[in-house]
Q: 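The structure follows.
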Amino acid sequence: MAAVNSSKLSLSKSQLNVMSKWNIMPYKLHLIFTFLLLFVSLCFSDDDHEMEEFLKREFSLSKPYQGVGSLGSSHWELMGDAMVTTDQVRLTPDMQSRQGAVWSRIPCHLKDWEMQVHFKVHGQGKKNLNGDGLAIWYTKERMQKGPVFGNMDNFTGLGVFVDTYPNEEKYIERIFPFVIAMVGNGTISYDHERDGRPTELGGCNAMVRNQKHDTFLFIRYIRRRLTVMIDIDGQHEWRDCLDIPGVRLPLGYYFGASAITGDLSDNHDIISLKLYQLTVLRSKKEEEEEEDVVTIPSVDNMELLRLGQNEEGMSGLAIFFTVLFSMLGCIFLVVIGMVVYSHWNESRRKRFY
């Protein structure tokens with residue numbers, strides 16, 4: 001009996017040990033799971049995780065557009081043929097030789113920002129019989145009429161253009177409408193005849209005309225990096241357009257939007273302009289690099305950027321001729337080699353006779 005009791009006693013102890021292990025197990029699993037989550041979040045953290053955004057209403061334009069254009073009662077001012085309706089700010093109607101704009105009255109002193117533009121381009125004109133396009137601005141000057149999508153030429157600051165009409169007919173590698181960005185320092189002129197290609201930072205095609213769904217443009221300036229994206233397919237997804245580092249824009253410039261029509265026309269509508277202040281964590285090295293006050297807009301390594309664009313523009317034609325001449329060269333070398341080998345073989349056989 002004693003042996004049996006000791007056996008039962010030892011068995012109960014082992015059961016207790018197993019039960020205690022199982023009681024501790026969930027706590028250990030919880031710690032491991034928490035550690036894994038922390039590790040994964042650290043590994044995959046990026047600027048979006050370190051960044052907070054705040055809507056700045058004083059720099060934003062949205063429905064119901066109360067007081068827009070009224071003297072002193074709004075943060076936004078109309079110019080030219082622009083007019084306010086219940087659904088949009090119409091920069092130009094679908095009529096020839098019109099230009100209009102809407103400009104912020106308050107200079108922006110945000111170091112990092114993001115502008116989301118809800119816009120619409122539509123009209124009666126058929127493909128390639130419409131124009132000319134609209135632009136979003138962050139410039140030193142404001143309320144200045146001119147030929148660059150309704151704004152002055154030789155502007156100082158940033159312009160993002162939605163160009164809907166190709167002026168350079170011989171340049172067939174670009175599909176219009178086309179979105180480009182340009183930084184001006186007050187002395188650089190926009191080249192209409194070449195659709196701004198000599199001074200552009202980059203761009204992408206954007207089929208934005210007469211769409212039944214909403215179309216959006218996204219402009220982000222953070223850590224001296226300019227990013228432009230578009231959402232024009234009705235999928236609620238941003239698509240990359242351009243991403244350029246080393247863009248230096250001064251503080252205290254004005255936001256605006258403008259459009260122009262010529263012999264061809266379109267309705268150019270702004271539904272909303274929403275500006276967000278971005279709060280970004282910076283390292284000490286980044287803070288030291290950005291201590292220099294920017295007074296004139298510029299882009300680092302602009303010459304290398306232009307060289308890359310020229311190479312990109314010639315890439316299709318260059319690749320074709322490179323492949324063609326390479327094939328012809330190989331065939332020529334093979335033929336020469338065969339002729340030389342046949343002569344050598346013939347002379348070799350003659351030696352043995």
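The figures here come from the full heavy-atom set of this structure, side chains too, leaving out hydrogens, waters and symmetry mates. This one's a predicted model, so the numbers in the text were calculated from it and none came from an experiment.
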Q: Please give me the minimum heavy-atom distance between W238 and F216, naming the atom from each residue.
A: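 Minimum heavy-atom separation between W238 and F216: CH2-CB, 3.7 Å.
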Q: For the CE atom on M143, are there more than 12 heavy atoms of other groups (residues, nucleotides or ligands in this structure) within a distance under 6.0 Å?
A: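 Count over threshold, so yes.
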Q: In Å and rounded to the nearest 0.5 Å, what is the CZ to OH distance from F176 to Y165?
A: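 These two atoms lie 10.0 Å from each other.
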Q: Regarding D153 and S189, do their side chains bring together a donor and an acceptor under 3.5 Å, going by distance alone?
A: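 Side chains of D153 and S189: pair found under 3.5 Å.
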Q: When H122 is tested against each of N210, D269, N130, T215 for side-chain hydrogen bond (donor to acceptor under 3.5 Å, both in side chains), which residue passes?
A: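 Looking at N210, D269, N130, T215, the match for H122 under the side-chain hydrogen bond (donor to acceptor under 3.5 Å, both in side chains) is D269.
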Q: If you define the side chain from C-beta out and look only at heavy atoms, does anything of S272 sit under 4.5 Å from S60?
A: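 Sidechains of S60 and S272: no contact.
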Q: Counting distance only, does the side-chain N/O of D81 pair as donor-acceptor with the main-chain N or O of G100 below 3.5 Å?
A: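 No, because the side chain of D81 does not come within donor-acceptor range (under 3.5 Å) of the backbone of G100.
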Q: Do the side chains of Y276 and Q116 get nearer than 4.5 Å, heavy atoms only?
A: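 Yes, at least one pair of side-chain atoms sits under 4.5 Å.
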Q: Answer yes or no: is there a donor N or O on one side and an acceptor on the other, between the side chain of D195 and the main chain of N167, under 3.5 Å?
A: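 Flag set: sc D195 to bb N167 pair under 3.5 Å.
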Q: Compute the centroid of each ring, for W76 and then for F255, and state whether the two points are separated by less than 6.0 Å.
A: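 W76 vs F255: aromatic centres not under 6.0 Å.
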Q: Answer with yes or no whether the hydrophobic clustering places V179 together with L273; edges join I, L, V, M, F, W, Y residues whose side-chain heavy atoms lie under 4.5 Å apart.
A: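 In one cluster with V179: L273, yes.
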Q: So for atom CD, which belongs to Q124, do other residues, nucleotides or ligands contribute more than 12 heavy atoms lying within a distance under 6.0 Å?
A: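 For Q124, atom CD is not crowded (no more than 12 foreign heavy atoms under 6.0 Å).
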Q: Kindly say whether I270 contributes a backbone atom to a donor-acceptor pair with the side chain of H118 at under 3.5 angstrom?
A: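 The answer is no, because no donor-acceptor pair under 3.5 Å joins these two groups.
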Q: Is the CG atom of L55 crowded by more than 12 outside heavy atoms at less than 6.0 Å?
A: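 Check passes, neighbour count above 12.
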Q: Nearest 0.5 angstrom please: R223 CZ to L278 CG, how far?
A: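 Spacing of CZ (R223) from CG (L278) equals 10.5 Å.
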Q: Side chains of C108 and Y253, heavy atoms from C-beta outward: is any pair under 4.5 Å?
A: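 Counting from C-beta outward, C108 and Y253 never come under 4.5 Å.
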Q: Judged by atom type as modelled, is there a donor-acceptor pair below 3.5 Å linking the side chain of Q88 to the main-chain atoms of V84?
A: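 No, the answer is negative, given that no donor and acceptor are paired below the 3.5 Å cut-off.
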Q: Is it true that Q66 and S74 share a donor-acceptor pair across their side chains at a distance under 3.5 Å?
A: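 Short answer, no.
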Q: Rounded to the nearest 0.5 Å, how far apart are NE2 of H109 and CG of L251?
A: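 Answer for the NE2-CG pair, H109 versus L251, is 7.5 Å.
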Q: At what distance, to the nearest 0.5 angstrom, does CE of M79 lie from CG of L91?
A: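 Between atom CE of M79 and atom CG of L91 there are 9.5 Å.
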Q: Test side chain to side chain contact (heavy atoms under 4.5 Å, CB included) on R105 and R142 and set out the steps.
A: CA-CA 9 Å; R105 286 191 170 104; R142 62 181 296 273; 3.7 Å; yes
Q: What's the separation between atom CG in L78 and atom CZ in R90, rounded to the nearest 0.5 Å?
A: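 L78 atom CG to R90 atom CZ measures 13.5 Å (nearest 0.5 Å).
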Q: Would you say P297 and L158 make side-chain contact, with heavy atoms under 4.5 Å?
A: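 Not in contact.
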Q: Determine yes or no for a side-chain-to-main-chain donor-acceptor pair under 3.5 angstrom, with Y221 supplying the side chain and L249 the backbone.
A: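 Indeed, once roles are kept as given, a pair shorter than 3.5 Å links the two residues.
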Q: I'd like to know if the side chain of T187 pairs up with that of N185 as donor and acceptor (distance under 3.5 Å, no hydrogens or angles considered).
A: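 Result is yes, a qualifying pair exists.
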Q: K63 and T86: side chain to side chain contact (heavy atoms under 4.5 Å, CB included), yes or no, with the steps?
A: CA-CA 8 Å; K63 296 179 183 180; T86 56; over 6 Å; no
Q: Side chain of T92, backbone of N267: donor and acceptor closer than 3.5 Å?
A: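 Side chain of T92 to backbone of N267: no pair is present.
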Q: Flag yes if more than 12 heavy atoms outside H236 fall under 6.0 Å of its NE2 atom; otherwise flag no.
A: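 Counting neighbours around NE2 of H236, 12 or fewer heavy atoms of other residues, nucleotides or ligands fall under 6.0 Å, so no.
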Q: Checking D112 against R224 for the salt bridge (charged side-chain N to carboxylate O under 4.0 Å, His left out) test, could you report, in this order, the C-alpha distance in whole Å, the side-chain angles of both residues, the deciding distance, and whether it holds?
A: CA-CA 8 Å; D112 303 296; R224 293 182 176 173; over 6 Å; no
Q: Does any part of the side chain of E53, heavy atoms only, come nearer than 4.5 Å to the side chain of Q277, both counted from C-beta?
A: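 Sidechains of E53 and Q277: no contact.
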Q: Look at the side chain of T261 and the backbone N and O of S97, then say whether any donor-acceptor pair between them is shorter than 3.5 Å.
A: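 Looks like yes, one N/O pair under 3.5 Å.
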Q: Quick one: which of D94, D266, D163 gives a salt bridge (Lys or Arg N to Asp or Glu O under 4.0 Å) with R209?
A: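 Among D94, D266, D163, the one meeting salt bridge (Lys or Arg N to Asp or Glu O under 4.0 Å) with R209 is D266.
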Q: To the nearest 0.5 Å, tell me how far I244 CD1 sits from N301 CG.
A: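 Output value for this atom pair is 11.0 Å.
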Q: Going only through I, L, V, M, F, W and Y residues with side-chain contacts under 4.5 Å, is there a path from L61 to M83?
A: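 Different clusters: L61 never reaches M83 through Ile, Leu, Val, Met, Phe, Trp or Tyr contacts under 4.5 Å.
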Q: With a 4.5 Å heavy-atom cut-off, do Y138 and V183 have their side chains touching?
A: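 Y138 does not reach V183 side chain to side chain.
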Q: Does atom CZ of R57 have more than 12 heavy-atom neighbours, drawn from other residues, nucleotides or ligands, at distances under 6.0 Å?
A: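 No - once you tally the heavy atoms of other residues, nucleotides and ligands closer than 6.0 Å, there are 12 at most.
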Q: Using only atom types and a distance under 3.5 Å, with no angle test, would you say the side chain of Q96 pairs donor to acceptor with the backbone of D263?
A: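 Yes: the side chain of Q96 pairs with the backbone of D263.
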Q: Cluster question for you: counting only ILVMFWY and a side-chain heavy-atom cut-off of under 4.5 Å, with indirect links fine, are I219 and V162 together?
A: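 Per the 4.5 Å side-chain linkage, I219 and V162 are co-clustered.
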Q: Is R197 salt-bridged to D191, cutoff N-O under 4.0 Å?
A: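 Result for this pair is no, no salt bridge flagged.
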Q: Would you find a donor on one side and an acceptor on the other, under 3.5 Å apart, between the side chain of E141 and the backbone of M152?
A: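 No, the answer is negative, given that no donor and acceptor are paired below the 3.5 Å cut-off.
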Q: Before accepting this row, confirm whether a basic side-chain N of the pair R174/E200 lies closer than 4.0 Å to the acidic partner's carboxylate O.
A: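 Salt bridge: yes.
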Q: State which residues pass ring pair (Phe, Tyr, Trp, His ring centres under 6.0 Å) with F161; sequence neighbours excluded, sorted by chain then number.
A: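 W137, F149, Y190.
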Q: Using only atom types and a distance under 3.5 Å, with no angle test, would you say the side chain of Y65 pairs donor to acceptor with the backbone of I271?
A: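 Checked: pair present.
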Q: Should D300 and R248 count as an ion pair when the cut-off is N to O under 4.0 Å?
A: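 R248 and D300: salt-bridged.
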Q: With a 4.5 Å limit on heavy-atom distance, are the side chains of D132 and Q99 in contact?
A: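 No, too far: nothing below the 4.5 Å cut-off.
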Q: Taking it one step at a time, do S258 and N151 satisfy side chain to side chain donor-acceptor pair (under 3.5 Å)?
A: CA-CA 7 Å; S258 67; N151 190 28; 5.7 Å; no
Q: Quick one: do K274 and E114 make a salt bridge, cutoff under 4.0 Å?
A: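 Result for this pair is no, no salt bridge flagged.
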Q: Would a single hydrophobic cluster contain both F178 and F218, if residues Ile, Leu, Val, Met, Phe, Trp and Tyr are joined by side-chain heavy-atom contacts under 4.5 Å?
A: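 Unlinked, F218 and F178 end up in two clusters.
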Q: Check for me, please, whether L226 and M229 land in the same ILVMFWY cluster - side-chain distances under 4.5 Å, paths through other members count.
A: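 No, separate clusters.
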Q: Identify the two heavy atoms, one from H268 and one from I260, that lie closest to each other, and give their separation to 0.1 Å.
A: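 The pair with the smallest heavy-atom distance is CE1-O, 3.8 Å.
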Q: Would R239 and D231 count as a salt bridge (charged side-chain N to carboxylate O under 4.0 Å, His left out) here? Give the steps.
A: CA-CA 6 Å; R239 177 162 64 89; D231 176 11; over 6 Å; no
Q: Are I180 and L201 packed together at the side-chain level, in the sense that at least one heavy-atom pair is separated by less than 4.5 angstrom?
A: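 No, their side chains stay 4.5 Å or more apart.
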